[in-house]
Each structure stands twice: as structure tokens, then as C-alpha cells.
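Here's the structure, in C-alpha cells; my notes come after.
Every heavy atom of this structure was used, including side-chain atoms; hydrogens, water molecules and symmetry mates were not.
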Amino acid sequence: MNERFQVQFLKEAVEFIDSLDEKAREKVLYNIHKARLLNDNELFKKLKGEIWEFRTFFNKTYYRLFAFWDKTENTGTVVIATHGFIKKMAKTPSGEIERADKLRRLYFEQKISGNEK
């Protein structure tokens, strides 16, 4: 099965994943891997504007990892994971979406100026 995209993690996303217990971390990473292979809204869904989310429900807890697409390179499509949080209410907090969009804009500003992190 061919991957639809590659995934890269910003520092904030790595910190979120590292903060999870081992089983939850394994499930989140498994679902991200699965989303790369399948077109499934339960795993990877567009939220608002340019922001998407990787979705995991594990052990009665909703984990969300925000992301955006980077199609600027000719070598393939990359999804950049910005940060994550544990969802505790039905609606995704707008502040989390705004944070993801801010990280997206900063990513592209740094990429254009040649200062990628």
C-alpha cells in the first residue's frame, strides 16, 4: 500500500507525543501511520482553513494532533504536525485551531527565509 503523504513533527508535537503514556503514544502514532495509507475522516480530518487534525480515541480519551499540508517541494507531499492536546469537550477549542494556524504561518515564514528548524 502506498503512502499518501509523509509526516513531520514540529517541536510542540513531539513534546505532546512524548508526554503521553506508552500505550496512548503507540496508539496515536499507529493512527498517524494508518492515516498516511487510508483516506479516513475518523483518523485525519480537515478542521478549518488550512488546519487538519489527526484523531485518536483510546481508553476513553480523545487525542488530537493538529497539522497542515506542505506541498511546496517537488519531492512529495508532507503533512506537518504542529501540536496536540487531549480533547475534553465536544467542540474543538478555537484557541487550539488558532495556535495551529500561527505555527503554520511561522513554519512557512521560516521556510521562505531559509531558517527552517
Side-chain angles (χ1 to χ4, degrees):
M1 209 176 250
N2 291 336
E3 295 176 348
R4 300 179 315 126
F5 53 83
Q6 295 293 315
V7 178
Q8 294 178 5
F9 300 89
L10 297 182
K11 181 182 78 159
E12 293 87 344
V14 171
E15 289 170 354
F16 171 72
I17 291 170
D18 286 348
S19 74
L20 303 176
D21 69 65
E22 183 179 357
K23 295 278 186 194
R25 180 172 44 249
E26 287 174 1
K27 183 66 174 180
V28 167
L29 292 173
Y30 172 78
N31 280 356
I32 290 170
H33 174 73
K34 198 169 158 184
R36 292 167 51 203
L37 302 172
L38 306 170
N39 188 7
D40 184 344
N41 277 350
E42 293 300 313
L43 299 174
F44 189 55
K45 179 180 177 182
K46 185 171 186 171
L47 280 180
K48 181 179 177 185
E50 302 294 320
I51 304 303
W52 291 63
E53 69 178 351
F54 288 104
R55 304 157 52 97
T56 299
F57 179 68
F58 176 71
N59 203 19
K60 299 180 184 175
T61 304
Y62 293 94
Y63 300 91
R64 296 295 187 258
L65 197 65
F66 294 98
F68 60 88
W69 296 82
D70 179 355
K71 299 178 182 179
T72 59
E73 303 296 326
N74 293 331
T75 57
T77 303
V78 178
V79 170
I80 308 296
T82 62
H83 73 288
F85 80 110
I86 295 173
K87 190 172 178 184
K88 298 182 182 191
M89 59 188 79
K91 188 172 180 182
T92 301
S94 60
E96 296 292 344
I97 296 170
E98 290 167 12
R99 180 177 173 198
D101 195 52
K102 181 180 177 185
L103 290 167
R104 181 188 66 80
R105 289 190 311 269
L106 183 62
Y107 168 87
F108 283 114
E109 286 170 11
Q110 291 174 342
K111 187 169 186 165
I112 289 168
S113 68
N115 296 325
E116 287 185 77
K117 288 188 175 181

query: Do Val79 and Phe9 belong together in a cluster built from hydrophobic side chains that touch within less than 4.5 Å?
result: yes
message: Distance check, rounded to the nearest 0.5 Å: Ile97 atom CD1 versus Lys91 atom NZ?
response: 8.0 Å
query: Roughly how far apart are Leu106 CG and Thr82 OG1, rounded to 0.5 Å?
result: 11.5 Å
message: Are the side chains of Phe54 and Tyr63 in contact, using a 4.5 Å heavy-atom criterion?
response: no
query: Distance from Glu12 atom CD to Leu103 atom CG, nearest 0.5 Å?
result: 5.0 Å
message: Just verifying a value: how many Å separate Arg4 CZ and Leu38 CG, rounded to the nearest 0.5 Å?
response: 7.5 Å
query: Which heavy atom in Thr61 sits nearest to a heavy atom in Ile86, and how many Å separate them?
result: CG2-CG2, 3.4 Å
- prompt: Is there a donor-acceptor contact under 3.5 Å from the side chain of Arg104 to the main chain of Ile80?
  reply: no
message: Give me the atom names and distance for the closest heavy-atom approach of Glu3 to Gln6.
response: OE1-NE2, 2.5 Å
task: May I ask you to test the Lys27-Thr56 pair for a side-chain heavy-atom distance under 4.5 Å?
output: yes
query: Under a 4.5 Å cut-off applied to non-hydrogen side-chain atoms, are Lys23 and Asn59 in contact?
result: no
query: Between Phe108 and Phe68, is any pair of side-chain heavy atoms under 4.5 Å apart?
result: yes
task: Please indicate whether Tyr30 has more than 12 foreign heavy atoms, meaning atoms of other residues, nucleotides or ligands, lying under 6.0 Å from its OH.
output: no
message: Against Phe85, only a single residue in Tyr62, Phe66, Phe16 fulfils ring-ring contact (aromatic ring centres under 6.0 Å, His included); can you say which?
response: Phe66
- line: Nearest heavy-atom approach of Ser113 to Gln110 is OG-O, 3.2 Å
Arg25/Asp21 ion pair, N-O < 4.0 Å: no
Phe44 side, atom CZ; Asn39 side, atom CG - distance, nearest 0.5 Å: 10.0 Å
message: If you compare all heavy atoms of Ala13 against all heavy atoms of Ala81, which two are closest, and at what distance to 0.1 Å?
response: CB-O, 3.5 Å
message: Just verifying a value: how many Å separate Ile32 CD1 and Lys34 NZ, rounded to the nearest 0.5 Å?
response: 13.0 Å
field: Pair Asp70-Tyr107, side-chain donor/acceptor within less than 3.5 Å
entry: yes
- prompt: Does Glu53 reach the side chain of Leu65, with side-chain heavy atoms less than 4.5 Å apart?
  reply: no
field: Between Glu96 and His83, a side-chain donor and acceptor under 3.5 Å
entry: yes
Pairwise side-chain contact, Phe58 with Val28, heavy-atom cut-off 4.5 Å (strictly under): no
task: Using a strict 4.0 Å threshold on nitrogen-to-oxygen distance, state whether Asp40 and Lys45 make a salt bridge.
output: no
- prompt: Got a donor-acceptor contact below 3.5 angstrom from the Lys102 side chain to the Arg105 backbone?
  reply: no
Derivation of the side chain to side chain contact (heavy atoms under 4.5 Å, CB included) call for Val7 and Val78: CA-CA 6 Å; Val7 178; Val78 178; over 6 Å; no
